Trainee: 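Mind having a look at this structure? Questions to follow.
These figures come from a predicted structure and were not determined experimentally. Here is how names work: the chains are called A, B, and so on, in the same order as the sequence lines, proteins then strands, and each is numbered from 1.
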2 protein chains.
Amino acid sequence: MRDVILAEATDLFAEHGYDGTSLNDIAAGVGIKRPSLLHHFPSKDDLYGEVFEQMLSHWLERVEAAMALPGSGWDRFSDVLSAGFELFAEHPSYVRLMRREALDGGSRLGIDLVGVVSPLFNTAVEWIDAEIAAGRFREVDARQVLITAYAALLGYVSDAPFINGLLGHDALSERPMHERCEHLLDLFRRLLLPATDVIL
Amino acid sequence: MRDVILAEATDLFAEHGYDGTSLNDIAAGVGIKRPSLLHHFPSKDDLYGEVFEQMLSHWLERVEAAMALPGSGWDRFSDVLSAGFELFAEHPSYVRLMRREALDGGSRLGIDLVGVVSPLFNTAVEWIDAEIAAGRFREVDARQVLITAYAALLGYVSDAPFINGLLGHDALSERPMHERCEHLLDLFRRLLLPATDVIL
DNA sequence: AGCGACCTACCAACCAGTAGGTAGGACTTT
DNA sequence: AAAGTCCTACCTACTGGTTGGTAGGTCGCT
């Protein structure tokens with residue numbers, strides 16, 4: 001039951017935000033009443049906290065697995081980007097949740113979003129700088145590249161309802177997602193690789 | 001007084017969202033009581049509607065002005081991008097408001113966000129395609145490029161509280177904003193221009 | 001008997017919105 | 001000039017409804 005509640009809460013918090021989701025909504029979604037829900041989770045804050053922690057741990061798990069893969073240079077960058085994209089395609093709710101938290105400054109709870117992501121961010125910055133030093137990447141501002149990657153990946157998925165309207169079809173279905181991924185890979189290849197290596 | 005309320009409401013809706021902002025908060029922010037606020041605006045929905053319409057009209061005004069500028073090819077793209085960036089730098093609240101609305105599907109009110117933005121989007125797609133046909137741009141998927149521009153521009157500003165934490169300094173102050181703009185210009189130059197024109 | 005899962009019934013706090021009244025400035029009428 | 005009439009901007013006090021959370025009881029299973 002806990003897991004069912006957690007899943008329903010993840011969807012609703014992602015869809016309508018913390019303030020836009022009532023415990024009644026979540027309880028009704030799993031077919032019980034609010035007090036029964038509060039039997040499993042002590043408070044709304046705690047429930048949200050668990051939702052967010054679960055999301056973060058799934059996310060970290062994937063990213064760390066992708067970063068642990070062997071390889072260097074463009075292949076490695078491409079692997080990590082694809083892994084992130086794949087996770088987001090599987091769990092759009094995670095993206096929307098993350099975006100909402102980032103909008104609110106990532107400090108709704110005791111959870112320190114920045115504290116969790118910062119080490120990963122810095123590791124990635126150092127890796128890119130090392131690749132530049134090794135001559136495998138162009139001289140770019142690693143931080144800017146990573147922020148662009150973050151924004152371009154998240155934006156497409158988090159704003160899917162809006163982008164659906166612009167494109168006239170479901171942005172999250174398989175083919176559009178694949179095209180989006182190809183576009184991003186092409187984009188970062190052009191951004192990162194020396195001009196001589198870009199031409200395919 | 002109406003304008004003061006509108007400005008305060010814009011900030012609070014942008015910062016905490018529709019559900020996270022009470023009429024009491026807004027009224028207190030301008031130093032009056034809720035009923036006095038409702039003397040100027042008939043309801044919370046109406047107030048939000050005016051806030052959003054004002055934001056949209058400011059935004060459209062700027063973009064249309066930038067699109068009306070002469071020039072073609074990269075110079076024109078660069079002008080429009082810079083104009084957008086400048087507006088966002090001046091009014092970060094607009095970006096956060098827009099992002100929240102995009103997250104919610106852009107249909108909180110009668111305002112049809114997609115309906116307003118779609119014509120602009122399609123005009124831009126056609127323009128890029130024409131530039132490609134004229135040989136001034138590479139063969140790219142215009143829609144993907146525009147969505148990336150949208151995401152990369154908005155993401156940096158809307159998630160500023162989070163990005164502040166990653167970078168360790170104020171992402172919205174003048175120098176970082178300038179660096180961000182330069183990075184984006186470089187990015188899209190590499191993405192859009194034929195390989196032979198990219199090298200500076 | 002004990003325990004986990006669920007319930008109804010309640011609470012205080014807050015929400016958007018309404019009713020009705022007051023102070024003061026402006027504009028007309030005498 | 002004085003008096004009466006409006007109007008705008010604000011107020012206090014209230015309504016009905018929803019919120020998160022609690023108290024206490026019931027059911028079925030081990």
Trainee: Give the rounded distance in Å between these two atoms: CZ of A/Phe41 and P of C/dA5.
Mentor: 11 Å
Trainee: Among side-chain atoms of A/Ser82 and A/Asp79, is any donor-acceptor pair under 3.5 angstrom?
Mentor: no
Trainee: Under 4.0 Å, heavy atoms only, any strand: does A/Leu38 hit a base, just the sugar-phosphate, or nothing?
Mentor: base
Trainee: B/Asp46 CG to C/dA16 C1': how many Å, rounded?
Mentor: 13 Å
Trainee: Let me know which of A/Met55, A/Gln54, A/Arg62 forms a side chain to side chain contact (heavy atoms under 4.5 Å, CB included) with A/His58.
Mentor: A/Gln54
Trainee: Indicate whether any N or O donor in one side chain lies under 3.5 Å from an N or O acceptor in the other, for A/Thr148 and A/Arg143.
Mentor: no
Trainee: Does the ring centre of B/Phe13 sit less than 6.0 Å away from the ring centre of B/Tyr18?
Mentor: yes
Trainee: Please round to 10 degrees the angle between the axis of the first five pairs and the axis of the last five pairs in the helix from C/dA1-D/dT30 to C/dT28-D/dA3.
Mentor: 10°
Trainee: State, yes or no, whether a side-chain contact exists between A/Leu187 and A/Leu184 at a heavy-atom distance under 4.5 Å.
Mentor: yes
Trainee: Return the value, rounded to whole Å, for the distance between atom OH of A/Tyr48 and atom P of D/dG20.
Mentor: 14 Å
Trainee: Return the set of residues passing side-chain contact (heavy atoms from CB on, under 4.5 Å) with A/Ala27 (not counting sequence neighbours), or none when no residue passes.
Mentor: A/Ile32, A/Leu37
Trainee: Could you state the CG-P distance from A/Leu23 to D/dT22, rounded to the nearest angstrom?
Mentor: 11 Å
Trainee: Whole Å only: how far is the NE2 atom of B/His16 from the C1' atom of C/dC15?
Mentor: 17 Å
Trainee: Decide yes or no for A/Trp59 and A/Val117: does some side-chain heavy atom of the first lie under 4.5 Å from some side-chain heavy atom of the second?
Mentor: yes
Trainee: How would nucleotides 6-14 of chain C be written as a contact map, 5' to 3', with B for base contact, S for sugar-phosphate-only contact and - for no contact, using protein heavy atoms under 4.0 Å?
Mentor: SBBB-----
Trainee: Please tell me whether A/Glu101 and A/Tyr48 have a donor and an acceptor in their side chains that are separated by less than 3.5 angstrom.
Mentor: yes
